[in-house]
Amino acid sequence: MCCCHSIVVVLGSIGGLAWDAEKRLLFSGSFDQSIIIWDIGGQQGTAFELQGHISKVQALCFAAHSKKLISCGEDGAIMVWDMRIKRKETPEWSQCDICERCGGPFFWNFKDMWSKKTVGVRQHHCRKCGRAVCQSCSEKQSTLPIMGFEYSIRICNECYGTITDEE
């Protein structure tokens, strides 16, 4: 029997909550399209992300018998996440005024643009390492289910070459 607990908040950023009593994990689905797994029982302060919806997450349900998390979103998609899979925590995004791969300035870095006599470029973040990179240094895309990315996401060229079969 599935024990589903979900809370829908109309005026907030949380669309649903679910609980895994065995592993003591709290799942929160939010209006920014992500689901965060909060490791409350492990007392390590880890939080894992699941990215699979393209609009607001509206409800969550954890099916304890099959160890599956079911989410539904405003996009009409229903996702089934296998929670037996080992997950890796997503990295913090670094803050930098230049590309951390090639050193080119981002468009707000007027001092570097002036000294290098170049036009700044848009900043992106590698979803695998979290580094701030330019378009040229992050041309690759891949899924990373171990980090919760079920659809193709931006990865820097260096990290793309290190993706393993496990990831």
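Residues Thr118 and Pro105 meet the side-chain proximity criterion, which asks for heavy atoms closer than 4.5 Å. Between Lys67 and Lys23 there is no side-chain heavy-atom pair separated by less than 4.5 Å. Residues Phe48 and Met147 have side chains not in contact (no heavy-atom distance under 4.5 Å, counting atoms from C-beta outward). Here the side chains of Cys156 and Cys129 are in contact, with some heavy-atom distance below 4.5 Å.
Under the 6.0 Å distance and 45° angle rule, Lys117 counts as a cation-pi partner of Trp114.
The closest side-chain donor-acceptor pair between Ser142 and Lys128, if any, does not fall under 3.5 angstrom.
Closest of all the heavy-atom pairs between Phe31 and Lys56 is O-CG, 3.6 Å.
Across Val57, Leu17, Ile35, a single residue satisfies side chain to side chain contact (heavy atoms under 4.5 Å, CB included) together with Ser28, and that is Leu17.
There is a path of hydrophobic side-chain contacts, each under 4.5 Å, that joins Met79 to Phe27.
Not a single donor-acceptor pair under 3.5 Å links the side chain of Gln58 to the backbone N or O of Cys72. No donor-acceptor pair under 3.5 Å is formed between the side chain of Ser138 and the backbone N or O of Cys126. Side chain of Arg127 to backbone of His125: a donor-acceptor contact under 3.5 angstrom is found.
For the salt bridge (Lys or Arg N to Asp or Glu O under 4.0 Å) test, residues two or more places apart in sequence or in another chain that qualify with Glu158 are Arg101.
The stretch residues 70-81 participates, sequence neighbours left out, in no salt bridge (charged side-chain N to carboxylate O under 4.0 Å, His left out) pair at all.
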